[in-house]
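Residue numbers start from 1 in every chain, and the chains themselves are labelled A, B, ... in the order their sequence lines are given, proteins ahead of strands.
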2 protein chains.
Amino acid sequence: MLKLSKKADYGLMALKYLAEHPETQALSAKDVADAYGIPAQLLAKILQRMTKTGLLRSHAGMNGGYALARDAREISAYEVIHAIDGPLFITSCTKGAKLCDLTPSCTIKEPLARVNESIAEVLKSISIYDLAEHEHVGEHEAHGLVLLTR
Amino acid sequence: MLKLSKKADYGLMALKYLAEHPETQALSAKDVADAYGIPAQLLAKILQRMTKTGLLRSHAGMNGGYALARDAREISAYEVIHAIDGPLFITSCTKGAKLCDLTPSCTIKEPLARVNESIAEVLKSISIYDLAEHEHVGEHEAHGLVLLTR
DNA sequence: GAAATGCCGACAGAATTGGTCGTATACTGA
DNA sequence: TCAGTATACGACCAATTCTGTCGGCATTTC
Ligand code: FES
Ligand code: FES
């Protein structure tokens with residue numbers, strides 16, 4: 001429950017890997033897949049999706065592959081997840097087009113939307129750069145987030 | 001992605017409903033199910049699980065049913081979700097017993113655990129009471145949460 | 001004892017996700 | 001210009017997870 005899809009996980013791993021190899025011009029889907037032992041074709045599709053949404057730059061042909069389209073600091077975990085799994089909505093009814101059949105009776109949707117918003121904020125505050133290296137980050141300082149309840 | 005299961009949704013709705021009817025001694029699963037048009041038997045199972053984890057008190061027999069075990073202010077959304085869907089983990093590998101096969105290579109797990117923690121905090125800061133009534137809550141004040149990024 | 005209710009496990013159907021395949025297209029370098 | 005390497009994309013199957021139902025039993029009230 002409430003867990004990332006494997007695809008999103010793969011996507012984050014791949015971006016992290018790219019962020020850790022800024023020297024190379026581009027890395028092929030296969031390169032990355034092999035590095036982590038994940039299905040190459042599947043990862044390829046994931047990278048393609050991120051390319052389409054502008055997170056990556058791609059280049060076909062020999063020595064082709066993918067590279068970050070922006071600085072790792074400028075790519076948030078939220079963007080990655082959104083690109084791969086679509087809009088993030090905690091409420092069961094996937095929003096937008098078709099509302100779930102109990103929309104009229106469901107009284108909980110609206111308050112949960114705010115929770116959803118908070119989660120999105122958390123995700124937006126994490127960048128690929130934060131994921132890469134920096135094993136140290138300090139357990140306390142956490143990832144730069146402070147939560148205050150009134 | 002990252003969305004609540006319908007069960008958790010139902011559970012929250014039911015608790016909210018109970019919180020809004022504090023006068024009655026107990027409400028049967030069927031009562032609540034009918035109120036929202038959700039499958040009675042399914043809801044029954046959900047309520048049972050919440051009973052087992054101590055969120056509800058139950059009473060069999062005529063005029064039996066369920067009632068909140070504690071004040072609505074003392075029951076968090078996190079507890080509800082945890083009771084129904086089990087431990088909340090954003091990382092694909094469901095933790096504990098069996099780790100996913102790429103545990104050694106997955107370098108992303110640890111940083112995400114912190115994100116997970118943040119989300120859990122958000123959920124813990126929301127009580128059933130917050131969900132019930134109070135349509136007003138002020139869009140700005142939100143639900144009593146302030147997020148600060150460094 | 002009968003009716004209303006909760007309790008529990010097993011299971012079938014539906015929906016989602018994960019992963020594969022085939023084919024087309026683009027770039028590189030010899 | 002041709003062979004090789006790569007991305008792009010859609011269709012499709014397989015595995016898993018989620019939803020919902022059923023049947024039987026236990027407990028309380030009248
Ligand atoms: S789940 Fe769709 S409206 Fe609440
Ligand atoms: S998904 Fe299991 S370790 Fe990263």
Side-chain angles (χ1 to χ4, degrees), chain A residues 1-11 13-14 18 24-34 36-67 69 81 83-86 89 92-94 98 100-102, chain B residues 1-11 13-14 18 24-34 36-53 55-67 69 81 84-86 89 92-94 98 100-102:
Chain A
M1 176 41 20
L2 212 44
K3 71 185 198 312
L4 245 43
S5 68
K6 255 183 186 159
K7 289 179 187 176
D9 209 345
Y10 292 161
M13 282 191 258
L18 289 176
T24 66
Q25 279 306 86
L27 289 168
S28 74
K30 190 166 181 311
D31 289 341
V32 182
D34 287 353
Y36 292 120
I38 54 189
Q41 297 194 95
L42 179 53
L43 181 62
K45 268 205 311 200
I46 294 168
L47 295 178
Q48 281 158 29
R49 256 206 262 176
M50 289 196 282
T51 302
K52 233 184 352 188
T53 59
L55 262 37
L56 294 176
R57 277 182 298 102
S58 69
H59 190 64
M62 284 180 117
N63 297 321
Y66 300 88
I81 295 171
I84 297 173
D85 288 330
F89 274 99
S92 296
C93 44
T94 24
K98 72 165 210 190
C100 89
D101 42 342
L102 29 85
Chain B
M1 175 41 21
L2 212 44
K3 73 186 196 313
L4 245 43
S5 68
K6 256 184 187 157
K7 289 180 189 178
D9 209 345
Y10 293 161
M13 282 191 257
L18 290 175
T24 66
Q25 279 306 87
L27 290 167
S28 74
K30 189 166 181 312
D31 290 340
V32 181
D34 286 353
Y36 291 120
I38 55 189
Q41 297 195 95
L42 180 54
L43 180 62
K45 269 205 310 199
I46 294 167
L47 295 178
Q48 282 158 30
R49 255 206 263 176
M50 288 197 282
T51 303
K52 239 192 337 194
T53 59
L55 263 36
L56 294 175
R57 277 181 297 103
S58 69
H59 190 63
M62 287 181 115
N63 296 323
Y66 299 89
I81 295 170
I84 297 172
D85 287 331
F89 274 99
S92 297
C93 44
T94 24
K98 72 164 211 192
C100 87
D101 42 341
L102 28 86

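Atom CG in A/Leu43 sits about 14 Å away from atom P in D/dA6, given to the nearest Å. If you take CD1 of B/Ile84 and P of D/dG20, they are 13 Å apart, rounded to a whole angstrom. Here C/dA15 presents its P atom at 20 Å from CG of A/Asp85, a figure rounded to the nearest Å. Protein atom CG of B/Leu42 is 14 Å distant from nucleotide atom C1' of C/dA14, rounded to whole Å. In this structure, the CG atom of A/Leu18 is 14 Å from the C1' atom of D/dT7, given to the nearest Å. To the nearest angstrom, C1' of D/dT7 lies 16 Å from CZ of A/Arg49. Spacing between atom CD of B/Gln25 and atom C1' of C/dA4 amounts to 17 Å, rounded to whole angstrom units. For the pair B/Met50 CE and C/dC7 P, the computed distance is 12 Å after rounding to whole Å.
Here the NZ atom belonging to B/Lys7 is positioned 7.5 Å from the CG atom belonging to B/Asp85, to the nearest 0.5 angstrom.
In this structure, B/Ile46 and B/Gly11 approach most closely via the heavy-atom pair CG2-CA, 4.0 Å. Shortest non-hydrogen contact noted between A/Ala83 and A/Met50 is CB-CG, 4.4 Å. The shortest non-hydrogen separation linking A/Leu43 to A/Ala33 is CD2-N, 3.5 Å. The heavy-atom pair separating B/Ala44 from B/Tyr66 by the smallest distance is O-OH, 4.0 Å.
Nearest nucleotide to the side chain of B/Ser28, out of D/dT19, C/dG18, C/dG6: C/dG6.
For the pair B/Leu18/B/Leu56, a side-chain contact is recorded, criterion being any heavy-atom separation below 4.5 Å from C-beta on.
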Between the protein and nucleotides 24-30 of chain D, which nitrogen or oxygen pairs are less than 3.5 angstrom apart?
from   : atom 1 : to      : atom 2 : distance (Å)
D/dT28 : O3'    : B/His59 : NE2    : 3.3
D/dT29 : OP1    : B/His59 : NE2    : 3.3

What's touching nucleotides 8-12 of chain C from the protein side, N or O pairs under 3.5 Å?
from   : atom 1 : to      : atom 2 : distance (Å)
C/dA10 : N6     : B/Lys45 : NZ     : 3.1

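Panel note: side chain B/Arg49, backbone B/Ile84; a donor-acceptor pair is recorded below 3.5 Å. Side chain of B/Asp9 to main chain of B/Lys6: no donor-acceptor pair is present (N/O by atom type, distance under 3.5 Å, no hydrogens or angles).
Look at A/Tyr10 and you'll find a side-chain N or O under 4.0 angstrom from OP1 or OP2 of C/dG19. Between A/Ser58 and D/dA8, a side-chain N or O to OP1/OP2 separation shorter than 4.0 Å is present.
When the nearest nucleotides of DNA chain C are assigned to B/Tyr66 and A/Pro39 by heavy-atom distance, the more 5′-ward of the two goes with B/Tyr66.
For A/Asp34, the side chain to side chain donor-acceptor pair (under 3.5 Å) partners at least two apart in sequence or on another chain are A/Lys30.
Among the heavy atoms of the strands lying under 4.0 Å from A/Ala29 are primed sugar atoms or P, OP1, OP2 only; no base atom is included.
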